[in-house]
Amino acid sequence: MSQGTDDTITISLDAMGGDNAPLSEVAGAVETVRDTKGINVTLVGVSEKIEKELKKYSYDSSRIRVHHASEVIEMHESPAEAIRKKPDSSIISG
């Protein structure tokens with residue numbers, strides 16, 4: 001999380017970190033920027049999937065950014081091993 005110069009906070013969110021990702025992560029980001037002033041969101045993950053999901057919503061596009069991460073750590077993978085083998089994963093990039 002970082003403090004912006006105009007009293008905004010930017011939250012980085014691993015958009016690939018849940019079941020059926022990035023459906024609920026994108027929905028939560030959109031709801032956050034709609035309902036909360038001063039919070040921006042950076043969604044980290046496979047940009048094509050995130051952007052496809054974002055197209056379903058109307059929102060202030062200046063408040064949600066997408067940071068591409070080419071790798072995803074799957075639920076069945078060992079966390080320590082996956083972190084070493086997948087440096088461009090959404091959780092590491094975030």
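- Distance check: Arg84 CZ to Ser89 OG gives 12.5 Å after rounding to the nearest 0.5 Å.
- Note: Lys49 NZ to Leu23 CG = 10.0 Å, rounded to the nearest 0.5 Å.
- Atoms CE and CD1, from Met16 and Ile50 in turn, are 6.0 Å apart once rounded to the nearest 0.5 Å.
- Between Val44 and Asp14, the closest side-chain pair of non-hydrogen atoms is not below 4.5 Å.
- Here the straight-line distance linking atom CD1 of Ile64 with atom CG of Leu43 works out to 6.0 Å at 0.5 Å rounding.
- Taking the side chain to side chain donor-acceptor pair (under 3.5 Å) definition, one finds that Ser47 meets it with His68, sequence neighbours left out.
- Every pair tested for side-chain hydrogen bond (donor to acceptor under 3.5 Å, both in side chains) that includes a residue from residues 21-38 fails, sequence neighbours excluded, so the list is empty.
- Using a 4.5 Å heavy-atom cutoff, the side chains of Pro87 and Glu71 are in contact.
- The list of side-chain hydrogen bond (donor to acceptor under 3.5 Å, both in side chains) pairs with a residue in residues 55-66, not counting sequence neighbours, reads Asn40-Arg63, Glu53-Lys56, Asp60-Ser62.
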